[in-house]
Amino acid sequence: MKDLTTEIVRTEVQDGIGLICLAKPPVNALGVLLRKAIYDAYRRLADDPAVRIIVLYGDGRLFSAGADIKDLAKSDIEPTLPQVLGALHDSEKPVIAALHGAAFGGALELALAAHLRVGVQGLRIALPEVRLGVLPGAGGTQRLPRLTGCAAAIDIICSGREVEAKEALALGIIDRLTDGPPRDAGLAMAKDVLTGKLVPRQTDKLSVAFQPEVFAAAQKRLSGKRPALLAPVKALEAIAASSLPITDGLTKERKLFKDLMQSEERAGLVHAFFAERATGKMPEAAAMPRQINSVAVIGGGTMGVGIATTFLIAGYHVHLIEAQSARVPSARKAVEQNLNGALKRGKLDPDTHQTAFERFTCTDTLDAVANADLVIEAIFEDIAAKTDLFAKLDVICKPGAILATNTSYLDVNLIAAATSRPADVIGLHFFSPAHIMRLLEVVVADATAPDCVATAFLLARKLGKVPVRATVCDGFIGNRILTRYRRAADYLLLDGASFEDIDRALEDFGFAMGPFAVSDLAGLDIAKATRDRKAADRPPEERYSRIADLICESGWYGRKSCRGYYVYDGDEPRQVNPDVTAIVDNERRAIGSEPRQFTNEDIVDRCLTAMIAEAVSVLQEGIALGPVDIDAVELFGYGFPRHRGGPMFQADRIGPATLIARIEAYAHEDPQFWQVPQLLRDIAREGHSFATLNEQRIAMFEKGNKT
Ligand code: 3H9
């Protein structure tokens, strides 16, 4: 046996079979170095007369995550991925790809260029490039349709969805599905080829028929999508070229890939990809998490029910405590309905669904918290009620239990001070519906212990959430920014823009719903109750819009009462509520506002600038660790359009000087609301960017550099 090991690929020859093992942790990303190493390894084996067939497989937990996303701009450096794959495809010696874990993007394209593919049970494959604002740029749009036909290729490529091994086998993407280590799977398949049991084939020699009706239907589907993204449409165009001779199709694909590399959409989506992962790099990451097996959730309202569901889906034992006995049955039923819904949507397998019912209890007695490792309070937002509850928990809970509050804006330090163990108290701010929304704000109070924070982050990942570290302030990261954004929208309404125009402008920007449509969904009465509670603290010079209060006083609370800013009639699209338009007109007259015209651009500029200004203040005060944490909060909790990267990413696109100029211009109308944060001035003066701050923030808490 010859060993030709290099650092990031290992090669060996066994019984005429040349093996190439990708060994570049953590995910065998196909960056410049790995591409070259694979190419060199392949050339050596191709030139070795002792080698009759070549197998590629991966080391670690997956085959490969595809091209190195950090290095996408270097995809032209030779050997390019298309060049490496072209060499493998045209190889005179058969090439087998043995896949395990995941083969995504360029990695699947590599496999498609091979002559046979074997998958190991548990394998997931995908061409997720459109989710990064590009398209498969190394033959995926040409080779996948040759194996599966156009309809399946369009579905997989234009959605970027993951395909389980069984489906991949049924679609002909892999030729065999087996158990065991990928190296063994590859060796077994190679032996079958050498003994004539299996016949390798070159994908490029297959042909695919152009089906105009399939493309027309896909085109229609994609053009109806909101937000209207470029990458899926361009991917469809590339797939359409798969009926051309392969070289023409590949040329077309490469051109479209390069065009997309220049798009804002690509930049925003790539930023979002890394934002999701960057938030886990934080000061307490090195602390040893506590063991959590059983969880108690207090409060059987929407939040408590959603939180209980989340933990049940993730396999935990959950006690839900609803103090009002009469409400216990409805809370229990709501959790069960959520679990049934998760089963239906495929988010829960039947076994876990069954055990979830066994792992769940719902009672009205607080004593049920006694043995819980984690207690999450999700009662109504009232500081006295919360401190009172935490004082009781302090007496009942076992030592070492984590006591968490789901408050969305109250002072976690005050809540912690109600106990004799403030080190065990933390904020876990879930977003509604808690079993669906991915954001989890982890609110670290002054005395919270590092292992408590580390536990929260680990739990979040187990729950499939994106945890973001915040410190204590009114509204933490997300609700603080939301409040400012909402006020900007309310002022636009007072000053002349209609609420439907404001909603439409922000929806065109990419938000799933504009701010007024969101208010209708969340319930106008809920927001009013919060405003009423905070009324005493409102500075007298602050401009206040009474419009939402007036709508509530008319008995319209939004969707739940079928009337709010809009009228909701069954499945019909929302209609403007003419009575609200009248309320707006009256209110403008009452305050002497002379309605002005605002373009869509004005509307987006003002709302986005308000958001950014508040976000910079949040950063300046140390509430968020870095700009990227704020982006993650907005992307995963507040519906900020993913392809726009988040408010701080947008701040860099707009530029600090332009932002300052905008805020100063708006400040002529309302100097109390529009103020330039000092950090923004500093960044402008020093020629820095939020991206620079992100680099510093990530480097500071990178693995092995935890403070
Ligand atoms: C492409 O292939 C283009 C080609 O068509 C054409 C080229 C010409 N690159 O997610 P995790 C990092 S585009 C660089 O936490 P998991 C990630 O940031 C690519 N880095 O693990 C993290 O770093 P850190 C198409 C990558 O087990 C670490 O690896 N491919 C890449 O939960 C661990 O990642 C994709 O879009 C990458 N490709 O999930 C797949 N992937 O520790 C993207 C990951 O410093 N990747 N990292 O934070 C994934 O979907 C998931 O990472 C995967 C593993 C499911 C693979």
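Every number for a ligand or one of its atoms is a count from 1 in the order of the listing.
- In this structure, Lys281 counts as a contact residue of ligand 1, since one of its heavy atoms falls inside 4.0 Å of the ligand.
- Of all the atoms in ligand 1, the ones that sit under 4.0 Å from a non-hydrogen atom of Phe274 are 18 (O).
- Heavy-atom distances between Ala102 and ligand 1 stay at or above 4.0 Å for every pair.
- Atom CG in Leu144 sits 9.5 Å away from atom SG in Cys150 (nearest 0.5 Å).
- At under 3.5 Å, a nitrogen or oxygen of Gly106, whether backbone or side chain, sits near a nitrogen or oxygen of ligand 1.
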Could you pull out all donor-acceptor pairs under 3.5 Å where a side-chain atom in residues 242-251 meets a protein atom, sequence neighbours excluded?
residue	atom	partner	partner atom	Å
Ser242	OG	Ile239	O	2.6
Ser243	OG	Ala240	O	3.4
Thr251	OG1	Thr247	O	2.7

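- Both the backbone and the side chain of Ile69 come within 4.0 Å of ligand 1, judged by heavy-atom distances.
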Next item on the list: Start with the C-alpha distance between Lys258 and Asp76, add both sets of side-chain angles, then the distance that settles salt bridge (charged side-chain N to carboxylate O under 4.0 Å, His left out), and finish with yes or no.
Entry: CA-CA 9 Å; Lys258 286 188 173 182; Asp76 263 347; 3.4 Å; yes
Distance-only criterion, 3.5 Å: show the donor-acceptor pairs between side-chain atoms of residues 118-139 and protein atoms not counting sequence neighbours.
residue	atom	partner	partner atom	Å
Arg124	NH1	Glu162	OE1	2.8
Arg124	NH1	Glu162	OE2	3.3
Arg131	NE	Ser159	O	3.0
Arg131	NH2	Ser159	O	3.2

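- At a heavy-atom distance under 4.0 Å, atoms from both the backbone and the side chain of Ala67 approach ligand 1.
- Checked against Asp629 for a salt bridge (charged side-chain N to carboxylate O under 4.0 Å, His left out), the options Lys281, Arg697, Arg469 give a single hit: Arg697.
- Contact check on Arg161 versus Glu167 returns a salt bridge, with a Lys/Arg side-chain nitrogen under 4.0 Å from an Asp/Glu carboxylate oxygen.
- Using 4.0 Å as the threshold, Arg254 has a heavy atom nearer than that to some atom of ligand 1.
- A cation-pi arrangement is absent between Arg35 and Tyr39, since the terminal nitrogen or guanidinium carbon is not both under 6.0 Å from the aromatic centre and inside a 45° cone about the axis.
- Taking every non-hydrogen atom of Glu109 and a distance limit under 4.0 Å, the qualifying atoms of ligand 1 come out as 4 (C), 5 (O), 6 (C).
- The residue Leu30 has no part lying near ligand 1, judged by heavy-atom distances below 4.0 Å.
- Near Pro136, meaning under 4.0 Å from any of its heavy atoms, are these atoms of ligand 1: 5 (O).
- Contact between Pro26 and ligand 1 is present, with at least one heavy atom of the residue lying under 4.0 Å from the ligand.
- Between Val233 and Gln219 the shortest side-chain heavy-atom distance falls below 4.5 Å.
- Ligand 1 has no N or O atom lying under 3.5 Å from any N or O atom of Leu132, backbone or side chain.
- Nearest to atom 41 (N) of ligand 1 by heavy atom, out of Gly101, Ala65, Gly137, Pro25, is Ala65.
- At least one heavy atom of Arg61 sits less than 4.0 Å from an atom of ligand 1.
- Less than 4.0 angstrom separates some heavy atom of Gly105 from each of these atoms of ligand 1: 2 (O), 25 (C).
- Formation of a donor-acceptor pair under 3.5 Å by the Thr352 side chain with backbone atoms of Leu348 is not found in this model.
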